Amino acid sequence: MRMSQLFGQTLRDAPSEAQAISHRLLLRAGFIRPLASGIFTALPLARRALTKVENIVREEIEAIGGQEITMPVVQPADLWKETDRWYQIGAELTRFKDRAGRDMVLAMTHEEVVADLVRQEIRVYRQLPRLIYQIQTKWRDDPRPRAGLIRVREFTMKDSYSLDADEEGLDRQYRAHYQAYFNIYQRCGLDTIAVASDAGMMGGAQAHEFMVLTPIGEDTLMLCTACDYAANRQIAGFRKPESLPEPPLPLEKVVTPGVTTIETLASFLDIPTAKTAKAVFMVATILSGVEDVERFVFAVVRGDMDVNETKLLNAVKARSLRPATEEEIRVSGAEPGYGSPLGVRDAIIVVDDAIPSSPNLVAGANEAGYHLLNVNYGRDYEADLVCDIAVAREGDACPRCGALLRAARGVEVGNIFKLGTRYSEALGATFVDREGVAHPVVMGSYGIGIGRTLACIAETHHDEYGLLWPISVAPYQVHLTALLRDKSGVVEVADRLYADLQAAGVEVLYDDREASPGVKFNDADLIGLPLRLTVGARGLKKGGVELKRRDRQERVLVPVAEAVARVRSEIAALEAELNEEMSK
RNA sequence: CGGGGCGUAGCGCAGUUUGGUUAGCGCGCACGGUUUGGGUCCGUGAGGUCGGCGGUUCAAAUCCGCCCGCCCCGACCA
């Protein structure tokens, strides 16, 4: 491609709204343009890079048996009503009516359509396992798009769906994806880690997220400093510091005026926070049939811990959680600042699993200005649920090996879910086994955000001058720059090299513009192609053209006659380096 | 949805507090010349009606009201 013909210009300054490095560089280098909040156009340079990412994804998913299909973005709402997600999902799912007044949705994911396809196509066990996938547009009306391509509303996703007769088959396909995902990201030059994750709106049992570690990430990950334990903080477990066993002491009411926080309580009574019980009041929206019901949730953790809302939400099987108002707290029989589970009514009481083994805690008296000493679980109150609802923090003990956990930020570039039979049961997607007995198809669902992957590559591959594309996803492999275009020889040599490189199968971006050398070099650095080949009068006088890697300082002068061969060997070297990274 | 910020030429900004000539500057763009291995310099020129609507006023980019859009933080989020 001749730069004089390229659609899309580089910008000297990034638009002021762009903050994230990947956002700024992709805008400046002429890769993307915004249309609306969280909605972008991919210009030719981005389109080529995206296509390369997609093709890597295709190769790896087909290597594990994937067959590509394309499912519709516009879907009848009936399907979503059948799986209840029409009711479960909020404004993120865009709904509208077609001209006949039928409810429709814009697809944010495709489990429904897959299950619908399966109930039509899959009849007997011989048709399993299968793996189908697509690379296609998703629309999620995200309340808060941010950071350019990192979090958008309209995006391209590779979503694959595994279909199996049983859990063992699902396990196999899940593991296959797990490995394929690492292959994909590594081929894209992206370092990722897999962390155990919450299933969220997808439902299902096991799930992992593939994360790029970067401070710009919105997810907090808990990583063990010793073993390979890694989990999203939303579900991360940890070993809870145990309380010393003590015989239960009699309940005692004490005056604690103005003491409404755990910290002031602990210092007022001169006890460690671990000797207190912290009450958290929430209201859960729980789906009951097709109706939402609000239930008051009373959560209790030890004073040295905090409630993890994701864990709590999952524990009470709620659709959503919100803090309770003071009025709601009083209606339940509790008192804000002095809450305890003793005597509350009409509430789901959820107690963290560290509480039953923590004797003689100080809890609120549900009366302003008073606390209770020596509250003991089982003797003084009982819970509807006892489970882990505490949030893991940096410095907590790894649930697997006990070493310290550290926290890190990450961007989720992919995920894998064991759906099980949630969708196949809802939509009646069954097959008959050897004995002629019908079973629901066991499903898995696996996503990769294509644009987000590209953004993460940009986010992690740049320097002060611009982008630095890995050879595997670079829009072009070589940036051919012709300097001093009106001087004798330069144009001729550059034009010929352009033709020869293309004939040799090399992808070339040819800067044939009338511009000063500085402008061209700066644009080349900004766009960030892996190799730069410079044709100038000075080099030609010395007998050659200059070859430089974007990621290195050295420039070598190569004879014009050898330039194509040298470029090809450099490309091969860059590809080999990427493969080397992979085998590590 | 809550909090904060911003909206003036393609991009980056000044001007708005304290209403008042033809609304400025840099970059970019067009043309001419100059220069030519890291955003060359000089000149000429085109380009905005100040996010939108309404109001106050002799007079509004500037004051008031409503609305829209974009960004950041939070809630939210595969």
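First the proteins, then the strands, lettered A, B, ... as listed; each starts at 1. All values reported here derive from a predicted model rather than from experimental measurement.
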Got a sec, which residues hit ring-ring contact (aromatic ring centres under 6.0 Å, His included) with A:Tyr174, two or more places apart in sequence or on another chain? A:His208
For residues 210-217 of chain A, please give each side-chain donor-acceptor pair under 3.5 Å, one per line with the distance, not counting sequence neighbours.
unit_1	atom_1	unit_2	atom_2	d
A:Thr214	OG1	A:Ile216	N	3.1

Detail all sub-3.5 Å separations between protein N/O atoms and N/O atoms belonging to nucleotides 50-53 of chain B.
none

For [N] versus [M], give the span between their [atom1] atoms, rounded off to a whole number of Å.
| N | M | atom1 | answer |
| --- | --- | --- | --- |
| B:rG12 | B:rC29 | C1' | 15 Å |
| B:rC11 | B:rG28 | P | 16 Å |
| B:rU35 | B:rC42 | P | 15 Å |
| B:rA14 | B:rU62 | C1' | 14 Å |
| B:rG10 | B:rG55 | P | 28 Å |
| B:rU18 | B:rC63 | C1' | 11 Å |
| B:rG7 | B:rA61 | C1' | 12 Å |
| B:rA46 | B:rA30 | P | 16 Å |

Ion pair present between [X] and [Y], side-chain N to carboxylate O less than 4.0 angstrom?
| X | Y | value |
| --- | --- | --- |
| A:Arg172 | A:Asp164 | no |
| A:Arg549 | A:Glu554 | no |
| A:Glu68 | A:Arg58 | yes |
| A:Arg550 | A:Asp463 | yes |
| A:Asp141 | A:Arg153 | yes |
| A:Arg146 | A:Glu218 | yes |

Quick one: label [X] by what it contacts on the DNA or RNA (base, sugar-phosphate, nothing), any heavy atom closer than 4.0 Å.
| X | answer |
| --- | --- |
| A:Asp523 | base |
| A:Arg532 | base |
| A:Gly536 | base |
| A:Ala14 | sugar-phosphate |
| A:Arg33 | nothing |
| A:Gly539 | base |

Could you check whether any side-chain N or O of A:Asn308 sits under 3.5 Å from a backbone N or O of A:Arg233, counting only pairs where one atom can act as donor and the other as acceptor?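 Yes, the answer is positive, given that a donor and an acceptor are paired below the 3.5 Å cut-off.
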Flag, side chain of A:Ser160 to backbone of A:Tyr133, donor-acceptor distance under 3.5 Å: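 Such a contact is absent between A:Ser160 side chain and A:Tyr133 backbone.
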Counterpart base for [N], defined by Watson-Crick or G-U wobble contacts under 3.5 Å:
| N | value |
| --- | --- |
| B:rG65 | B:rC53 |
| B:rC1 | B:rG74 |
| B:rC27 | B:rG10 |
| B:rU21 | none |
| B:rA46 | none |
| B:rG38 | none |

Between B:rG39 and A:Ser516, is there an OP1 or OP2 to side-chain N/O distance shorter than 4.0 Å?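 No, A:Ser516 has no side-chain N/O under 4.0 Å of OP1/OP2 on B:rG39.
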Please tell me whether A:Thr10 and A:Asp523 have a donor and an acceptor in their side chains that are separated by less than 3.5 angstrom.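 On atom types as modelled, these side chains qualify, holding a pair under 3.5 Å.
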Base of B:rG39, side chain of A:Arg513 - is there a donor-acceptor contact under 3.5 Å?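 No.
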Can you tell me whether the side chain of A:Arg28 and the base of B:rG39 have a donor-acceptor pair closer than 3.5 Å?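 When only heavy-atom distances are counted, A:Arg28 does reach the base of B:rG39 through a donor-acceptor pair under 3.5 Å.
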Would you kindly give the CG-to-C1' distance between A:Asp525 and B:rG37, to the nearest whole Å? 13 Å
In whole angstrom, what separates A:Asn314's CG from B:rC77's P?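 From A:Asn314 CG to B:rC77 P: 11 Å.
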Within the sub-3.5 Å range, which N or O atoms of nucleotides 23-29 of chain B have a protein N or O partner, and how far apart are they?
unit_1	atom_1	unit_2	atom_2	d
B:rC27	O3'	A:Arg12	NH1	3.0
B:rG28	OP1	A:Arg12	NH1	3.1

The side chain of A:Pro143 is closest to which nucleotide in this list: B:rC11, B:rG39, B:rA75?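 Shortest atom-to-atom distance from the side chain points to B:rA75.
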Which heavy atom of A:Tyr229 sits nearest to which heavy atom of A:Ala236, and what is that distance?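 Shortest heavy-atom contact: OH-CA, 3.6 Å.
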Do you know which two heavy atoms are closest between A:Glu309 and A:Leu321, and how far apart they sit? O-CD1, 3.6 Å
Please report, to 0.1 Å, the donor-acceptor pairs under 3.5 Å made by any side chain of residues 17-37 of chain A, with sequence neighbours excluded.
unit_1	atom_1	unit_2	atom_2	d
A:Ser22	OG	A:Glu459	OE1	2.6
A:His23	ND1	A:Gly148	N	3.4
A:Arg24	NH1	A:Ala18	O	2.8
A:Arg28	NE	A:Leu11	O	3.1
A:Arg28	NE	A:Arg12	O	3.4
A:Arg33	NH1	A:Leu27	O	2.7
A:Arg33	NH2	A:Gln9	O	2.8

Can you pull every protein N or O that's under 3.5 Å from an N or O on nucleotides 68-72 of chain B?
unit_1	atom_1	unit_2	atom_2	d
B:rC70	OP1	A:Ser37	N	2.7
B:rC71	OP2	A:Ser37	OG	2.9
B:rC72	OP1	A:Ala147	N	3.2

In terms of the nearest nucleotide of RNA chain B, which residue is placed more toward the 5' end: A:Leu526 or A:Arg452?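 The 5'-side residue here is A:Leu526.
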